Amino acid sequence: MKAVLDHIGIAVKDLSAALAFYRDALGLEVEAPEEVTSQRVRAHFVPVGESKLELLEATASESAIARYVDKRGPGLHHITLRVDDIDAAVAQLRSRGIRMIDEQPRPGAEGSTIAFVHPSSAHGVLIELKQPAIANPSAIRNPPSAISRFTLGELELISLSDGFLRMDGGWMFGIVPKPEWSVAAPADDRNRVTLGMRPLIVRGARTMIIDAGLGRKGDAAFDDTYGVDHRYDLDRALADARLSPEDIDIVLASHLHFDHAGGFTVRDASGRLRPRFPRAQYIVRRGEWEDATHVHSQNAARYQADNYKPLAEAGVLQLVDDDVTIMPGVKVKRTGGHSTHHQVVMIESGGKSAAFAADLIPTRAHVTESWIPALDLYPMDTLAAKRAFNEDAVAREVLVFFYHDPSVAAGYIREDNGNRRVVPALS
Ligand SMILES: [Zn+2]
Ligand SMILES: [Zn+2]
């Protein structure tokens, strides 16, 4: 495994005395402190080249850092190594009999995933492994290829990417207080969190794409409002998957919000709107179509007729009424909640199951039942649908695709002691 020194944690008893040394005597710069509420710790990072020192100050007597300092006095507390693939790293260590504090990686600060190695296996040092989230994709100079391929029985599933956008954190997390959601999804200076957009290709009897991202019809003001990052977009993703828009037979909509249906149409050289996938039938649930074409004040901001009206005009629109099979192995299932006729897509082949969760569980963080976007029209319907979806996904080991997760395309939902979490699936 490749590991890079991320930071060295130092437990501090008297912060001002510590600052007198690290900041004043050594002349190092100290960043604004970060509060880790769950650990009752305040962390002061001190950049030193590529790595950092982390001065850890307890904010309550029951804090682990307070207990550590009481027992051993201030000093070196842990070393954090950054790895690219924490699941593989933990598996490798466990296969060699290394004693882990965390047998499974778990969520850490700033959307990272972490796991601690027991000091008894690390020669007296507490080692933390950390896989950072792509919390700030614009900081990445070359956005990575975002294609992930999975085989499900006879079907091939390819998760694509249409880049990233940003939405208000309050919109995305509803009743969850910011100190809690901002750990899973750090907010920018405009309180926005970064979301991916991950259309899914299903290749079997026919080639289908489920949802198609934001598309390119927004103007500069729109792109600024939503922090649109299109350096890696659906055109590039399709090319990386060796597909062209002409290869798509079916476009299936989970719902018609602009971040899912924006890529359904394009403007041609003459400025006319036309279907982006020239050979495809576009399949939309009738109730969703009715809502999108008769908006009200509570949902109007999410629907833009340019994304779907041209489909009807071009004669490529097919409306379906119920939970029907779209092609062999692929069935839609209405959840409601987010929009009245929002649907997820259930995929089955060779005894294996996958699901496209759309905005029922937009990111891994939303797997927790009460984490429901304020945007949802009927949150109690979302709650009921999510509970049923989660129970089924846990029981049947469903490979779940997360449309908006900024860093993970798909994973398995696991349950320990009533808590649900997502184990990322590697393609
Ligand atoms: Zn939506
Ligand atoms: Zn969405």
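Numbering of ligands and ligand atoms starts at 1, following listing order. In this text the structure is predicted, and so the values were computed from the model without any measurement.
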### Query
Between Gln304 and Asn307, is a side-chain contact (heavy atoms from CB on, under 4.5 Å) present by the stated rule, with each step listed?
CA-CA 6 Å; Gln304 292 167 358; Asn307 296 332; 3.7 Å; yes
#### Entry: His404/His260 aromatic ring centres below 6.0 Å
yes
### Message
In this structure, is the centre-to-centre distance between the rings of Phe401 and Phe150 below 6.0 Å?
### Response
yes
#### Entry: Pairs involving residues 336-357, ordered by first then second residue, that meet salt bridge (charged side-chain N to carboxylate O under 4.0 Å, His left out) (sequence neighbours left out)
Glu348-Arg396
### Message
Please enumerate all residues that pass side chain to side chain contact (heavy atoms under 4.5 Å, CB included) together with Arg302, with sequence neighbours excluded.
### Response
Met167, Trp171, Tyr226, His257, Phe258, Leu375
### Summary
Sequence neighbours excluded, the answer for salt bridge (charged side-chain N to carboxylate O under 4.0 Å, His left out) partners of Asp84 is none
### Query
Protein N/O/S atoms under 2.8 Å from the Zn ion (ligand 1): how many?
4
